[in-house]
**Q** 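Sharing a structure below in structure tokens format, with a few things to ask.
Every chain is numbered from 1, with letters handed out A, B, ... down the list of sequences.
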Number of protein chains: 2
Amino acid sequence: MNTLPKSQQKRDALVKATIRLVNNNGFHATPMSKIAKMAEVSPGTIYLYFKNKQDLVNQVYIEVKAAFSEFAFRDYKEDLTVKEGFKNIWKNIAEFKLKEFEEAMFLSQCDNTPIIDEPSRQEGLKHLQPLLDLLERGQKEGIIKPVSPYMLYAFSIYPIAFFMNMQERAIFKLTRENIEEAYEMAWNSIKV
Amino acid sequence: MNTLPKSQQKRDALVKATIRLVNNNGFHATPMSKIAKMAEVSPGTIYLYFKNKQDLVNQVYIEVKAAFSEFAFRDYKEDLTVKEGFKNIWKNIAEFKLKEFEEAMFLSQCDNTPIIDEPSRQEGLKHLQPLLDLLERGQKEGIIKPVSPYMLYAFSIYPIAFFMNMQERAIFKLTRENIEEAYEMAWNSIKV
DNA sequence: TTAAAATGAATGAACGTTCATTTTTCATAG
DNA sequence: CTATGAAAAATGAACGTTCATTCATTTTAA
């Protein structure tokens, strides 16, 4: 047997329940009692792992964000070309947002509401750095447009979030083919 | 004197207060009592204009969305070329998101959380139609890439929302020059 | 004078958090 | 291997607060 310690299992269950309930109801409309019930734990137990409700959502945010960038940069190597590196990262981000749907939707909600406090937000922003570095390298090599990295991000990576939102409402779904199409548009928008 | 009737003034004050407070605290963390206080109205008065809290936020959403598309398409004429028409609309949307900041942030929060109910959401989506029509016309003329309109939207319009978010956190600010730059990238990403 | 608009205290439900109690864990003794 | 008991983990009923909503009363408008 190689299971996690019980306490870790409970914490994980609480994190998972928080993600799911916040996605469905919003943070302030999900009571601690419901989080506890979904995690099959007593309400009091939450306070063994988290200081309070705000601390709970902050911790979940930071952990999901870390999992996201772990996934995004999992196969990143310094010795890849800028083009290869960007393609890997872009595809990873797209895969995460479309497959790890609940986690991605949770991040999107946190990034667009005041439920996360500013320190945790800052913490989350750090994870973008490797991508910004790569883009900068591309600019030095004359491969990437010489504009603000935020501009590059907005036109190449940010659109993926739109697809995620559309997918939730079943309005538009990225298939294998138009993922390729989308990637080409992304690269196109930043390459010189 | 050409003022609005008193009752309309109160309703307007309530709508304004809702936008501001929801932006700062999130919907479920803004009590009706605070909305009333900011609007300088009694809590009971809210229920003369809105059925309940959900109805309040739904109505505000729909009205702000309508104001947004009114602004976006204000100078749209059928006889403009696709390129001219797109440029007008793009610039209007950018202007709205950066100048009518509170309204735009409110929409962003509604579009990324479960606070709005599905019928109101559908209602809000309709407003995009003129843009989709224009893009389709462009595709027929062979000017616009023959891909899903959602793909075109994601890469040309959606990035503006990112700039708005960055502006709020004072991380990156669109200036007159890089608005031009951004527009060029947007057009570039959809033109054939 | 009367109808409409507005008020704000009152109500009851729901929530976050606490803490006295119970259950589980586990090192050690028998 | 089993029994023991103390420490750690978990429980859930209870508490105090906050909130959305109501409605008897007052104010305003015409």
**Q** Looking at A:Phe27, I'd like to know if the NZ or CZ of A:Lys53 sits under 6.0 Å from its six-membered ring centre while staying within 45 degrees of the ring's axis.
**A** yes

**Q** What string of B, S and - do you get for nucleotides 8-13 of chain C 5' to 3' if you count protein non-hydrogen atoms under 4.0 Å?
**A** B-----

**Q** In terms of side-chain heavy atoms, does B:Asp55 have a donor or acceptor partner in B:Gln59 at a distance below 3.5 Å?
**A** yes

**Q** Any sub-3.5 Å donor-acceptor pair from A:Ser69's side-chain atoms to A:Ala72's backbone N or O?
**A**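 No, because the side chain of A:Ser69 does not come within donor-acceptor range (under 3.5 Å) of the backbone of A:Ala72.
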
**Q** Could you identify which residues of residues 25-32 of chain A place a heavy atom less than 4.0 Å from some atom of DNA chain C, listed by residue number, or say none?
**A**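 Contacting residues: A:Thr30, A:Pro31, A:Met32.
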
**Q** Find the distance A:Lys34:NZ to C:dG16:P and express it as a whole number of Å.
**A** 10 Å

**Q** As an exercise, state the distance from CD of A:Glu63 to OG1 of A:Thr18, rounded to the nearest 0.5 Å.
**A** 10.0 Å

**Q** Roughly, in whole Å, what's the span from CG in B:Leu56 to C1' in D:dC19?
**A** 15 Å

**Q** Quick one: hydrophobic cluster around B:Val192, which other residues, with the 4.5 Å side-chain cut-off, linked directly or via members?
**A** none

**Q** Donor-acceptor check, side chain of A:Glu102 to backbone of A:Asn23, threshold 3.5 angstrom: yes or no?
**A** no

**Q** Take atom CZ of A:Phe50 and atom P of D:dA10, then tell me their distance rounded to the nearest Å.
**A**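 Those two atoms, CZ and P, are 12 Å apart.
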
**Q** Between A:Gln8 (CD) and D:dA10 (C1'), how many Å, whole number?
**A** 16 Å

**Q** Please state whether the phosphate of D:dA9, meaning OP1 or OP2, lies under 4.0 angstrom from any side-chain nitrogen or oxygen of A:Lys10.
**A** no

**Q** Expressed in angstrom and rounded to an integer, what is the separation of A:Leu14 atom CG from D:dT11 atom P?
**A** 10 Å

**Q** In whole angstrom, what separates A:Gln9's CD from D:dA10's P?
**A**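 These atoms are roughly 10 Å apart.
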
**Q** By nearest heavy atom, map B:Leu48 and A:Lys53 onto DNA chain C; which one lands nearer the 5' end?
**A**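 Its nearest nucleotide being more 5', the pick is B:Leu48.
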
**Q** Send over the distance from B:Ile35 CD1 to D:dA20 P, rounded to a whole Å.
**A** 7 Å

**Q** Tell me whether the rings of B:Phe163 and B:Phe172 are parallel (<30°), tilted (30 to 60°) or perpendicular (>60°).
**A**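 Taking B:Phe172 first and then B:Phe163, their aromatic rings sit tilted (interplane angle of 30° to 60°).
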
**Q** Does a side-chain N or O from A:Tyr47 land closer than 4.0 Å to OP1 or OP2 of D:dT11, or not?
**A** no

**Q** From the options B:Phe96, B:Tyr158, B:Phe73, B:Tyr183, select the one residue that forms a ring-ring contact (aromatic ring centres under 6.0 Å, His included) with B:Trp90.
**A**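 Passing option: B:Tyr183.
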
**Q** Please name all residues satisfying ring-ring contact (aromatic ring centres under 6.0 Å, His included) with A:Tyr153, sequence neighbours left out, ordered by chain then number.
**A** B:Phe162

**Q** For the helix from C:dT1-D:dA30 to C:dG30-D:dC1, what is the angle between the axes at its two ends, each from 5 pairs, rounded to 10°?
**A**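 The angle separating the two end axes equals 10°.
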
**Q** Going by side-chain heavy atoms closer than 4.5 Å, which hydrophobic residues are tied to A:Met105, directly or by a chain of links?
**A**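 Listed partners: A:Phe101, A:Met164.
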
**Q** Starting at CD1 of B:Ile46 and ending at C1' of D:dC19, how long is that distance when rounded to a whole Å?
**A** 12 Å

**Q** Assess the side chains of A:Thr175 and A:Asn178: does a donor N or O sit below 3.5 Å from an acceptor N or O?
**A** yes

